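All ligand and atom numbering here is 1-based and tracks the order in the structure. Model, not experiment: these values are computed from the prediction.
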Amino acid sequence: MVTAVCPGSFDPVHNGHLDVIERAWPLFDKVIVGVLVNPAKAGLFTPDERIEMILAATVHLQGIEVRSFSGLLVDFCRIAGAGVIVKGLRAVTDFEYEMAQAQMNKYMGVDTVFTVTSPEYAFVRSTLLKDVVSLDGSIDGLVPDAVASKLKQCLRPAKD
Ligand code: PNS
């Protein structure tokens with residue numbers, strides 16, 4: 001039985017994340033989405049809000065689990081009984097950073113498997129989405145509808 005963890009900040013989850021999660025799901029016996037709680041970086045959404053958005057977007061993936069974690073990812077993997085980390089590579093710019101993390105995590109005992117992000121989501125980042133929404137731009141097709149609504153609620157205060 002091989003359990004995999006898809007880790008991230010997910011502030012908020014977007015279609016690029018979901019692409020990685022959906023592609024990991026059939027490859028492993030169990031997939032757990034690990035939402036990093038970073039006390040030094042509050043983020044826009046609380047961990048519970050992020051988990052709620054991911055759960056709503058992954059209801060079609062039977063048996064998937066979504067949990068928060070803090071501290072080392074490899075410790076979370078051990079506690080969860082996961083032997084593999086799954087990450088997405090959007091572009092070569094991700095490679096150096098992801099390679100160092102994967103090598104460090106391997107040094108600490110957990111291996112990483114990479115998927116290559118589908119081209120239609122290669123440019124999607126949570127930070128860019130927040131920027132675009134706060135400046136009244138459209139992110140149609142890049143996040144689930146429920147996430148788009150939440151982003152608008154938080155980032156576009158009602159105008160008189
Ligand atoms: O969505 P992100 O912010 O790119 O996700 C980064 C994440 C959560 C995968 C990474 O920051 C992480 O693993 N943090 C946990 C702390 C840790 O294990 N650090 C050592 C990594 S080699």
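Taking a distance limit of 4.0 Å, we find that atom 7 (C) of ligand 1 is approached by no protein heavy atom. For atom 17 (C) of ligand 1, the protein comes within 4.0 Å by at least one heavy atom.
Those atoms of ligand 1 with a heavy atom of G8 less than 4.0 angstrom away are 1 (O), 5 (O), 8 (C). The distance from ligand 1 to the heavy atoms of M104 drops below 4.0 Å at these ligand atoms: 22 (S). The contact set between ligand 1 and G71, taken as ligand atoms under 4.0 Å from a residue heavy atom, comprises 15 (C), 16 (C).
Checking N105 against T112 by side-chain atom types alone, no donor-acceptor pair falls below 3.5 Å. For the residue pair Q101 / Y97, a side-chain donor-acceptor distance below 3.5 Å is found, with atom types taken as modelled.
Side chain of S118 to backbone of E120: no donor-acceptor contact under 3.5 angstrom is found. Although no hydrogens or angles enter the test, the distance criterion places a donor-acceptor pair under 3.5 Å between the side chain of D11 and the main chain of F45. Side-chain atoms of R23 come within 3.5 Å of backbone N or O of V116 as a donor-acceptor pair. For S68 (side chain) and V35 (main-chain N/O), no donor-acceptor pair under 3.5 Å exists by modelled atom type.
For the pair N38/S9, no side-chain contact is recorded, criterion being any heavy-atom separation below 4.5 Å from C-beta on. Here the side chains of F10 and V33 are in contact, with some heavy-atom distance below 4.5 Å.
The protein heavy-atom contact nearest to atom 20 (C) of ligand 1 is L72 CD2, 4.0 Å. Among protein heavy atoms, atom 12 (C) of ligand 1 sits closest to Q101 OE1, 4.3 Å. From the protein, the heavy atom lying nearest to atom 11 (O) of ligand 1 is L36 CD2, 4.0 Å. For atom 3 (O) of ligand 1, the closest heavy atom belonging to the protein is S9 OG, 2.6 Å. At the shortest separation from atom 9 (C) of ligand 1 among protein heavy atoms lies K87 NZ, 3.6 Å.
Residue L73 touches ligand 1 through backbone and side chain together, judged by heavy-atom distances below 4.0 Å.
Of the N or O atoms in H17, none lie within a sub-3.5 Å distance of an N or O in ligand 1.
Contact analysis leaves A100 out of contact with ligand 1, as no non-hydrogen atom separation drops below 4.0 angstrom.
Follow the hydrophobic side-chain contacts under 4.5 Å out from V132 and you reach V13 in the same cluster.
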